[in-house]
Amino acid sequence: MAKIGGARAGAGRKPGSLNQRTVEMAAEILGSGKSPLAYLLEVMMDETAEQKRRDWAAEKAAAYLHPRPAPIPRSINIEMPAVGNASEVAAAIGVVVDAVAGGKVSPSEGQSLVSILEAQRKAIETEDIVKRLDDLEARLGDRKRGTND
């Protein structure tokens with residue numbers, strides 16, 4: 001029985017494939033031997049092109065001609081307490097929060113500092129857990145030896 005109408009398996013444009021207009025534009029650009037930036041600059045400078053298209057080309061080309069400057073990292077001088085245990089790490093985070101609130105450091109710098117303190121806290125907790133686990137294993141070993149004698 002013939003299937004009439006509706007979607008059929010394998011019919012239509014494959015997902016992710018380009019439509020005919022996009023393929024033609026890409027072929028035109030690549031066939032011209034120009035880089036995408038050269039094409040954008042040509043469209044931008046073409047006084048016969050519609051203004052909306054020229055504005056679009058200028059916006060896209062601007063990122064290549066005038067890249068945003070990367071942020072310059074700076075040293076931060078804040079009096080931090082010692083961070084030998086988890087409660088001291090919490091106090092240090094409080095100092096960072098106060099520095100951000102007071103405008104001494106930017107929020108992104110404060111976030112970076114808190115990330116470093118969080119890594120320190122994890123290291124402290126991991127060391128603490130390993131010590132406790134070693135103690136528990138030693139106690140269990142003593143009990144097993146004591147009951148087997």
Side-chain angles (χ1 to χ4, degrees), residues 1-140:
M1 182 170 178
K3 186 173 184 181
I4 300 174
R8 293 176 306 282
R13 188 164 41 105
K14 304 293 179 249
S17 65
L18 302 174
N19 65 32
Q20 187 64 31
R21 172 98 170 103
T22 305
V23 170
E24 289 171 1
M25 282 179 56
E28 179 185 334
I29 293 168
L30 294 174
S32 70
K34 297 176 191 165
S35 70
L37 179 58
Y39 175 77
L40 288 170
L41 292 173
E42 185 178 294
V43 170
M44 184 181 80
M45 301 301 286
D46 183 7
E47 293 182 9
T48 62
E50 65 180 67
Q51 188 63 39
K52 187 175 182 179
R53 186 166 187 235
R54 292 178 67 195
D55 290 344
W56 169 83
E59 180 182 336
K60 297 299 180 184
Y64 295 99
L65 298 173
H66 306 287
R68 292 182 182 172
I72 299 170
R74 66 181 184 112
S75 296
I76 300 170
N77 295 320
I78 301 175
E79 288 294 323
M80 298 288 281
V83 286
N85 60 44
S87 63
E88 290 173 345
V89 170
I93 290 173
V95 169
V96 172
V97 169
D98 290 344
V100 170
K104 292 179 183 174
V105 298
S106 70
S108 62
E109 291 169 334
Q111 190 173 20
S112 296
L113 288 172
V114 170
S115 294
I116 293 168
L117 291 168
E118 181 64 16
Q120 176 71 5
R121 181 194 59 80
K122 287 179 182 177
I124 291 167
E125 287 181 353
T126 301
E127 183 180 359
D128 203 31
I129 289 170
V130 167
K131 285 180 186 174
R132 292 171 62 192
L133 185 61
D134 288 344
D135 288 347
L136 285 171
E137 288 175 345
R139 287 184 200 163
L140 284 174

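Below, each value reflects all heavy atoms present in this structure, side chains not excepted, and no hydrogens, waters or symmetry copies.
Leu65 has its side chain within reach of Leu37: a pair of non-hydrogen atoms, C-beta onward, lies under 4.5 Å apart. Glu137 has its side chain within reach of Asp134: a pair of non-hydrogen atoms, C-beta onward, lies under 4.5 Å apart.
The distance from the OG atom of Ser108 to the CG atom of Leu113 is 10.0 Å, given to the nearest 0.5 Å. Rounding to the nearest 0.5 angstrom, the gap separating the CG atom in Asp55 from the CD atom in Glu59 is 8.5 Å. Remark: Leu40 CG to Arg53 CZ distance equals 9.5 Å, nearest 0.5 Å.
Contact detail for Val100 and Pro107: the closest heavy-atom pair is CG1-CA, 4.1 Å. Closest of all the heavy-atom pairs between Pro81 and Ala91 is CG-C, 4.2 Å. Ala61 and Leu41 get closest at one heavy-atom pair: CB-CD2, 4.1 Å. When every heavy atom of Asp46 is checked against every heavy atom of Thr48, the shortest pair comes out as OD1-OG1, 2.6 Å.
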Q: Any chance you could lay out the side-chain contact (heavy atoms from CB on, under 4.5 Å) test for Arg74 and Val105, step after step, and finish with the verdict?
A: CA-CA 10 Å; Arg74 66 181 184 112; Val105 298; 4.3 Å; yes
Q. After noting the C-alpha distance and the side-chain angles of Val96 and Met80, does the key distance pass the side-chain contact (heavy atoms from CB on, under 4.5 Å) rule?
A. CA-CA 8 Å; Val96 172; Met80 298 288 281; 3.8 Å; yes
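For Arg21, the CZ atom counts as loosely surrounded, since its 6.0 Å shell holds 12 or fewer non-hydrogen atoms of other residues, nucleotides or ligands. The neighbour count for Glu125 CD, taken as heavy atoms of other residues, nucleotides or ligands under 6.0 Å away, is above 12.
Formation of a donor-acceptor pair under 3.5 Å by the Glu109 side chain with backbone atoms of Ile76 is not found in this model. Between the side chain of Glu88 and the main chain of Gly84, a donor-acceptor pair closer than 3.5 Å is present.
For the side-chain contact (heavy atoms from CB on, under 4.5 Å) with Ile124, the qualifying choice from Gln120, Arg121, Glu127 is Gln120, the only one to do so.
In this structure, the side-chain contact (heavy atoms from CB on, under 4.5 Å) partners of Glu47, at least two apart in sequence or on a different chain, are Arg54. The side-chain hydrogen bond (donor to acceptor under 3.5 Å, both in side chains) search around Ser17 returns none, not counting sequence neighbours.
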